[in-house]
Enquirer: 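One structure, as structure tokens, below. Some questions next.
Computed from heavy atoms alone, side chains included, the values below leave out hydrogens, waters and symmetry copies. A quick note: this is a predicted structure, and the numbers were derived from the prediction, not measured. Numbers here simply count residues along the sequence, with the first being 1.
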Amino acid sequence: MIQPELKAYRRCSDRHVLVLETNLTYVEKCQIFHYADLVRKAGNELTGIMKKRYDQLVRTKRYRKLKGLYKKYKDADNKKALKDVCD
């Protein structure tokens with residue numbers, strides 16, 4: 001049975017906590033956390049690069065014009081012109 005304090009913490013917490021038992025040594029645990037940290041940093045870096053490029057894309061005239069044409073033809077159900085805009 002789950003302890004009442006733990007149950008109350010889980011109710012208030014917005015994080016998911018997963019507890020595992022394993023036979024790993026301390027060094028192996030450190031390696032796992034090190035690799036997890038590297039993956040987290042790489043993900044954050046890629047997210048930053050994608051956000052920067054998206055922000056640059058949104059500022060271009062060509063993107064805004066194509067977005068307007070896409071909306072216009074999508075609302076009018078003009079499939080041929082919509083395909084041309086997408087290409």
Side-chain angles (χ1 to χ4, degrees):
M1 181 128 214
I2 297 177
Q3 301 150 347
E5 298 89 18
L6 184 58
K7 201 172 190 179
Y9 172 77
R10 287 185 180 165
R11 242 184 272 124
C12 297
S13 175
D14 59 343
R15 293 178 171 227
H16 297 283
V17 178
L18 177 65
V19 178
L20 300 172
E21 291 185 23
T22 181
N23 294 333
L24 294 176
T25 65
Y26 178 75
V27 174
E28 291 171 332
K29 289 179 194 175
C30 288
Q31 286 177 341
I32 288 173
F33 284 115
H34 174 70
Y35 292 141
D37 192 46
L38 292 177
V39 169
R40 179 188 62 81
K41 287 178 183 177
N44 288 345
E45 188 172 338
L46 288 174
T47 302
I49 290 169
M50 290 188 314
K51 183 175 177 355
K52 179 180 159 190
R53 289 186 180 177
Y54 177 74
D55 290 342
Q56 288 175 344
L57 175 70
V58 169
R59 288 194 307 249
T60 62
K61 275 186 189 176
R62 183 170 182 237
Y63 174 78
R64 288 192 304 251
K65 182 179 176 185
L66 287 172
K67 195 167 116 178
L69 286 173
Y70 182 84
K71 183 180 182 321
K72 175 181 164 186
Y73 293 136
K74 181 77 171 175
D75 292 342
D77 287 332
N78 189 345
K79 293 187 186 222
K80 184 174 180 347
L82 188 63
K83 186 176 183 308
D84 291 339
V85 169
C86 290
D87 289 341

Enquirer: Which distance, rounded to the nearest 0.5 Å, do you find between the OH of Y54 and the OH of Y63?
Expert: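 Answer for the OH-OH pair, Y54 versus Y63, is 4.0 Å.
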
Enquirer: What's the spacing between Q31 CD and T25 OG1 if we round to 0.5 Å?
Expert: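 So the gap between those two atoms works out to 7.5 Å.
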
Enquirer: Hydrophobic cluster mates of I32, side-chain heavy atoms under 4.5 angstrom, ILVMFWY only, any path?
Expert: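 Once heavy-atom contacts under 4.5 Å are chained together, I32 belongs with L24.
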
Enquirer: List for me each residue that meets salt bridge (Lys or Arg N to Asp or Glu O under 4.0 Å) alongside D75, sequence neighbours excluded, and say none if there are none.
Expert: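 Residues passing salt bridge (Lys or Arg N to Asp or Glu O under 4.0 Å) with D75: K71.
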
Enquirer: Quick one: NZ on K83 to OH on Y73, what's the gap to the nearest 0.5 Å?
Expert: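 Interatomic distance, K83 NZ to Y73 OH, rounded to 0.5 Å: 15.0 Å.
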
Enquirer: Not counting sequence neighbours, which residues clear salt bridge (Lys or Arg N to Asp or Glu O under 4.0 Å) with R40? List them please.
Expert: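 If we apply the salt bridge (Lys or Arg N to Asp or Glu O under 4.0 Å) test to R40, skipping adjacent residues, the hits are D37.
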
Enquirer: Other than F33, what residues sit in its cluster of Ile, Leu, Val, Met, Phe, Trp and Tyr side chains whose heavy atoms are under 4.5 Å apart, directly or through others?
Expert: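 Besides F33, the hydrophobic cluster comprises nothing; the residue is isolated.
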
Enquirer: Could you pull out every donor-acceptor pair under 3.5 Å between side chains of residues 43-50 and any protein atom, sequence neighbours left out?
Expert:
unit_1	atom_1	unit_2	atom_2	d
T47	OG1	G43	O	2.8

Enquirer: How would you list all residue pairs meeting salt bridge (Lys or Arg N to Asp or Glu O under 4.0 Å) that involve residues 47-64, not counting sequence neighbours?
Expert: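 Only K51-D55 qualify under salt bridge (Lys or Arg N to Asp or Glu O under 4.0 Å).
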
